[in-house]
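Hydrogens, waters and symmetry mates play no part in the numbers below; they use all other heavy atoms, side chains included. By convention in this document, chain letters (A, B, ...) are assigned in the order of the sequence lines, proteins followed by strands, and residues within each chain are numbered from 1.
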There are 2 protein chains.
Amino acid sequence: MNLPPLCEAFVLHFGEMGSRWGINRTVGQIYAVLFIAEHPLCADDIVERLGVSRSNVSMGLKELQSWNLVRQRQVHGDRREFFSTPDDIYAIVRTLVEERKKREIDPTLSMLRELLMQAPGTPQERHAQARLKDMHELIELLTNWYADVQKLETERLIQLLSLGSKVVKALEMKDRLFTVPGGKTRSTNHNS
Amino acid sequence: MNLPPLCEAFVLHFGEMGSRWGINRTVGQIYAVLFIAEHPLCADDIVERLGVSRSNVSMGLKELQSWNLVRQRQVHGDRREFFSTPDDIYAIVRTLVEERKKREIDPTLSMLRELLMQAPGTPQERHAQARLKDMHELIELLTNWYADVQKLETERLIQLLSLGSKVVKALEMKDRLFTVPGGKTRSTNHNS
DNA sequence: CTGTATTTTCTGAAAATTCTGAAATTTGAG
DNA sequence: CTCAAATTTCAGAATTTTCAGAAAATACAG
């Protein structure tokens with residue numbers, strides 16, 4: 001691997017981590033190299049840095065593009081294609097979450113919905129449906145939260161995340177302010 | 001696979017999904033079977049339902065236990081060991097997040113911290129460190145949010161998630177209430 | 001302690017995946 | 001259009017993962 005030690009350490013770790021996700025090691029490494037690169041790189045730059053075959057890099061880049069995690073760029077006066085990751089790391093995370101949702105959550109949600117429509121034939125199926133219903137509700141709660149929060153501009157999102165659970169206390173205070181003294185505390189609704 | 005159609009569909013899907021995570025197909029299926037089971041199951045029950053080898057089930061259960069995703073239970077007057085998933089699906093998700101954090105995020109954070117301590121030798125390394133710093137800050141923001149929110153009881157958590165981004169508006173209102181008219185709007189701080 | 005039920009570990013075979021070099025295709029300059 | 005540079009596809013080799021069945025270990029009743 002043709003990289004300074006610090007870069008190499010990062011790339012190796014990222015490769016390992018990648019393989020704990022569905023992504024294979026090389027694809028993870030390609031991404032890491034692009035992430036820390038000073039300029040967009042062409043495929044042969046990556047070959048040189050990682051010491052893997054040209055075809056392997058080609059496949060890896062194709063995979064990363066299918067995830068929208070790398071963009072293809074033109075360098076003036078150069079016929080080759082160059083690749084880079086977005087500079088904005090928040091944008092990267094948004095993409096990552098979006099894509100994983102699309103590939104893992106959405107299909108699961110449709111599966112669950114479909115199975116919940118069926119009439120259970122046995123007590124075993126009836127019980128299974130009850131469990132599936134719990135799972136479905138939780139996933140809906142989470143995806144609705146995500147869909148909502150995902151619309152915020154980064155600045156707002158950071159604000160929200162920084163607050164963490166303090167939000168709950170803040171809202172209690174607000175509730176107290178707007179609730180008739182002695183009346184029942186107005187509960188927050190549970191819709192998206 | 002010896003299961004009613006509805007259960008089988010769920011188990012198969014879960015197995016597929018499992019293999020997109022690091023988990024292998026059979027382990028995913030074992031989990032699914034336990035998740036929808038009416039009672040705790042012993043290893044042979046799982047063998048019968050999934051039609052895989054006894055040894056495979058043994059390995060799979062061991063793996064799931066290492067993730068704290070299944071618990072081992074005793075059935076009165078039976079020498080065999082039985083397994084089940086927690087009833088509370090929120091608890092399940094908490095465990096899942098906790099374990100993934102432990103295995104993926106925490107090691108990444110230490111790696112990043114370590115590399116950020118090093119003195120960059122080349123401009124290339126200097127630039128890499130800048131990128132690593134961005135990544136480190138974002139991960140810290142997210143894990144701090146998680147650490148904070150994770151402490152909430154489920155009821156509160158649901159409340160918080162249900163609100164989604166409406167929280168931001170609510171807080172703006174609160175800010176307005178407590179800000180001196182004409183003064184600069186007090187910004188919310190960015191610490192955990 | 002003995003014998004049986006149960007679980008775990010081990011081993012090699014089968015399956016899946018990752019990866020490479022070669023061949024085929026695409027792209028664009030001249 | 002022609003040619004060379006660049007990229008992609010492909011077939012099979014190398015590697016890794018998964019899996020079943022055998023063997024070993026463990027637990028426990030009597």
Would you say [N] has OP1 or OP2 under 4.0 Å from some side-chain N or O of [X]?
X: Lys62(B); N: dT9(C); value: yes
X: Thr26(B); N: dT18(D); value: no
X: Asn24(B); N: dT17(D); value: no

Nearest-Å distance for atom pair [atom1]/[atom2], residues [X] and [N]:
X: Ile46(A); N: dA6(D); atom1: CD1; atom2: P; answer: 15 Å
X: Glu63(B); N: dT17(D); atom1: CD; atom2: P; answer: 12 Å
X: Arg54(A); N: dT8(D); atom1: CZ; atom2: C1'; answer: 8 Å
X: Glu48(B); N: dA20(D); atom1: CD; atom2: P; answer: 15 Å
X: Phe83(B); N: dT6(C); atom1: CZ; atom2: P; answer: 13 Å
X: Gln65(B); N: dT7(C); atom1: CD; atom2: P; answer: 12 Å
X: Asn56(B); N: dG12(C); atom1: CG; atom2: P; answer: 19 Å
X: Phe82(B); N: dA27(D); atom1: CZ; atom2: P; answer: 18 Å

Go through [options] for me and flag the one nearest to the [X] side chain.
X: Asp44(B); options: dA20(D), dT7(C), dT20(C); answer: dT7(C)
X: Glu81(B); options: dT9(C), dT8(C), dC19(D); answer: dT8(C)
X: Ser55(A); options: dC19(D), dT9(D), dT8(C); answer: dT9(D)

Q | Derivation and outcome, salt bridge (charged side-chain N to carboxylate O under 4.0 Å, His left out), residues Arg94(B) and Glu98(B) | A | CA-CA 6 Å; Arg94(B) 282 173 200 264; Glu98(B) 194 58 51; over 6 Å; no
Q. Got a donor-acceptor pair under 3.5 Å from the side chain of Ser53(A) to the base of dG21(C)?
A.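 A donor-acceptor contact between them is absent.
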Q. Quick one: does Arg79(A) reach the base of dA6(D) with a side-chain donor-acceptor pair under 3.5 Å?
A. no
Q | Plane angle bin for Trp145(B) and Trp145(A) - parallel if under 30°, tilted between 30 and 60°, otherwise perpendicular | A |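 Parallel, since the angle between the ring planes stays under 30°.
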Q. How do Met59(B) and Arg80(A) order along DNA chain D: which one's closest nucleotide is nearer the 5' end?
A.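 It is Arg80(A) whose nearest nucleotide is closer to the 5' end.
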Q. Heavy atoms under 4.0 Å, any strand shown: does Arg25(A) hit a base, just sugar-phosphate, or nothing?
A.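 Arg25(A): backbone/sugar contact only, no base atoms under 4.0 Å.
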Q: Could you check if a side-chain atom of Glu81(A) sits within less than 4.5 angstrom of a side-chain atom of Gln74(A), using non-hydrogen atoms only?
A: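 Contact flag for Glu81(A)/Gln74(A) side chains = yes.
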Q) Going by atom types only, do Arg126(A) and Gln129(A) share a side-chain donor-acceptor pair under 3.5 Å? A)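 Looking only at side-chain atoms, Gln129(A) and Arg126(A) do not form any donor-acceptor pair under 3.5 Å.
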Q. Does a side chain donor of either Arg131(B) or Thr85(A) reach within less than 3.5 Å of an acceptor in the other side chain?
A. yes
